[in-house]
Protein chains: 2
Amino acid sequence: MLGDRWSLLIIRDMMLRGFRTYKEFLECYEGIATNILADRLRKLVAYGIITTETDASDGRKVIYSLTAKGIDLAPVLTEMVLWAAAHEDTGNQALVRLMREDKKKFLAGVRQRWADRHSARP
Amino acid sequence: MLGDRWSLLIIRDMMLRGFRTYKEFLECYEGIATNILADRLRKLVAYGIITTETDASDGRKVIYSLTAKGIDLAPVLTEMVLWAAAHEDTGNQALVRLMREDKKKFLAGVRQRWADRHSARP
DNA sequence: AATTATTACTTGCAATTAGCAAGTGAAATG
DNA sequence: CATTTCACTTGCTAATTGCAAGTAATAATT
């Protein structure tokens, strides 16, 4: 169900880089095809991992957010980033250091930011 | 690189169910096609996640084992199993309980069993 | 107010990948 | 020595992906 090339990257970028719109994913360095992106977002909604709403101040924009089920993938993504940092070419070095130094605190921070965004709006 | 339907399942089954031969994967409940299995095993070897050797007591058999890089995926797999147990239909309930009750101890056990198998043979 | 731009998509088609059934070769078993 | 087992490969079809172009709705610009 998350066994494809893009779904986990989408979730990672929503969780760690704050991506929220179609355009952000499409323009991201990773080069996903537009129809595939639309399909993956649709499936993630169907699986209950993300939700959609139209932006209140710009009717063209669709805002994607993680559900509780989606944010619960934070430990999985964190371990993946740490593994990649240890064994592959590494991305955001500062982020990796944060994760490694205090994993619990880092995860608590991710959850807190998510909760903040969700208490403000229904 | 692990972004496909089978690679993580193969690693999970090697780590948690002790799978070591082609036949075990092929007959496993998950129904992978034989050419795809061969391809994924080849790629996992190329990525340095598993290694192959021919069985000393049966020249037909190929024994697949996790490398250090492979066993380092244990925290990722553990978090995935826990996430799935919390949000999806759940598999091995006893295993999940072990993981949840003492994650550190569980991971230490996985690593210990791997180290044991690797100190015996070069 | 009309034109242009932006955003989030869809559509059509070619290319890549996956899945299935059957086959191969080497080693073991009866 | 014939049969079985094991780890694959091969050939073909079906499904998925990737690319380029197009569309509908809203927003910004002139």
Side-chain angles (χ1 to χ4, degrees), chain A residues 1-15 17-67 70 80 117 121, chain B residues 1-15 17-67 70 80 117 121:
Chain A
M1 146 186 186
L2 300 168
D4 75 278
R5 191 171 156 191
W6 300 110
S7 300
L8 282 169
L9 288 176
I10 291 171
I11 297 165
R12 182 198 68 184
D13 288 340
M14 290 182 75
M15 196 146 41
R17 301 170 68 186
F19 285 12
R20 286 170 312 132
T21 64
Y22 194 87
K23 204 184 167 227
E24 283 176 304
F25 294 115
L26 203 61
E27 288 177 351
C28 158
Y29 62 98
E30 295 154 317
I32 186 172
T34 172
N35 55 340
I36 301 299
L37 174 57
D39 180 73
R40 288 310 111 89
L41 289 169
R42 214 178 294 124
K43 279 177 180 162
L44 288 172
V45 170
Y47 293 148
I49 290 171
I50 64 176
T51 51
T52 54
E53 57 183 315
T54 51
D55 188 330
S57 67
D58 185 342
R60 295 169 303 179
K61 287 189 182 168
V62 174
I63 306 293
Y64 294 95
S65 337
L66 290 163
T67 61
M80 276 190 163
R117 261 177 276 122
R121 303 166 312 189
Chain B
M1 146 186 185
L2 299 168
D4 76 279
R5 192 172 156 191
W6 300 111
S7 300
L8 281 169
L9 288 177
I10 291 171
I11 297 165
R12 183 199 67 187
D13 288 340
M14 291 183 74
M15 196 145 42
R17 301 171 69 185
F19 284 11
R20 287 170 311 132
T21 64
Y22 193 87
K23 205 183 167 225
E24 283 176 304
F25 294 115
L26 203 62
E27 288 177 349
C28 158
Y29 62 99
E30 296 155 314
I32 187 172
T34 172
N35 55 340
I36 301 300
L37 175 57
D39 180 72
R40 288 311 112 89
L41 289 170
R42 213 178 296 125
K43 278 177 180 163
L44 288 173
V45 170
Y47 292 148
I49 290 172
I50 64 176
T51 50
T52 53
E53 57 184 315
T54 50
D55 189 331
S57 66
D58 185 343
R60 294 168 304 180
K61 286 190 183 168
V62 174
I63 305 292
Y64 293 95
S65 337
L66 290 164
T67 62
M80 275 190 163
R117 261 177 276 122
R121 302 164 312 187

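For the numbers below, each heavy atom of this structure counts, side chains included, while hydrogens, waters and symmetry mates do not. A, B, ... follow the sequence lines: proteins, then strands. Residue 1 opens every chain.
Taking atom CG of residue B:Asp55 and atom P of nucleotide D:dC6, one finds them 11 Å apart after rounding to whole Å. Taking atom CG on B:Leu9 and atom P on C:dA18, their separation rounds to 14 Å, with Å as the unit. In this structure, CD1 of A:Ile32 is placed 16 Å from P of D:dT16, rounded to the nearest angstrom. Between the CG atom of B:Asp4 and the P atom of C:dT17 there is a distance of 12 Å, rounded to whole Å. Between the NZ atom of B:Lys43 and the P atom of D:dC8 there is a distance of 16 Å, given to the nearest Å. If you take CG of B:Leu26 and C1' of D:dC6, they are 11 Å apart, rounded to a whole angstrom. Across the protein-nucleic acid pair, A:Asp39 atom CG and C:dT10 atom P stand 9 Å apart, rounded to whole Å. Atom CD of B:Glu24 and atom P of D:dC8 are 13 Å apart (whole Å).
The residue from A:Arg20, A:Glu53, A:Arg117 that alone fulfils the side-chain contact (heavy atoms from CB on, under 4.5 Å) condition with A:Ser65 is A:Glu53.
Side-chain nitrogen and oxygen atoms of A:Lys61 include none within less than 4.0 Å of the OP1 or OP2 phosphate oxygen of C:dT7. Distances shown here put every side-chain N or O of B:Arg42 at or beyond 4.0 Å from the OP1 or OP2 atom of D:dC8. For B:Trp6, a side-chain nitrogen or oxygen approaches OP1 or OP2 of C:dG19 to under 4.0 Å.
In the set C:dG19, C:dT7, C:dA8, the nucleotide with an atom closest to the side chain of A:Arg60 is C:dT7. Distance from the side chain of B:Arg40 is smallest for C:dA18 among the nucleotides D:dT9, C:dA18, D:dC6. Taking every side-chain heavy atom of A:Ala38 into account, C:dT10 is the closest of C:dC20, C:dT10, C:dT7. Side-chain atoms of B:Tyr22 lie closest to D:dT9 of the nucleotides C:dC9, D:dC19, D:dT9.
The minimum heavy-atom distance linking B:Ile32 with B:Phe25 is given by the pair CG2-O, 4.1 Å.
One side chain, B:Thr34 or B:Tyr22, offers a donor N or O that lies under 3.5 Å from an acceptor on the other.
Among the atoms of the strands shown, only primed sugar atoms or phosphate atoms (P, OP1, OP2) are found under 4.0 Å from some heavy atom of B:Asp58. At a threshold of 4.0 angstrom between heavy atoms, the contacts of A:Thr34 include nucleobase atoms, whether or not backbone atoms are also involved.
Place A:Ala56 and A:Ile36 on DNA chain D by their nearest nucleotides, and A:Ile36 ends up nearer the 5' end. Take the nearest nucleotide of DNA chain D for B:Val62 and for A:Ala33: the residue whose nucleotide is more 5' is B:Val62.
Proximity of A:Val45 to A:Thr52: side-chain heavy atoms (C-beta onward) are separated by under 4.5 Å at one or more points.
Ion pairing between a basic and an acidic side chain is recognised when a charged N comes within 4.0 Å of a carboxylate O; B:Asp4 and A:Arg5 show no such pairing.
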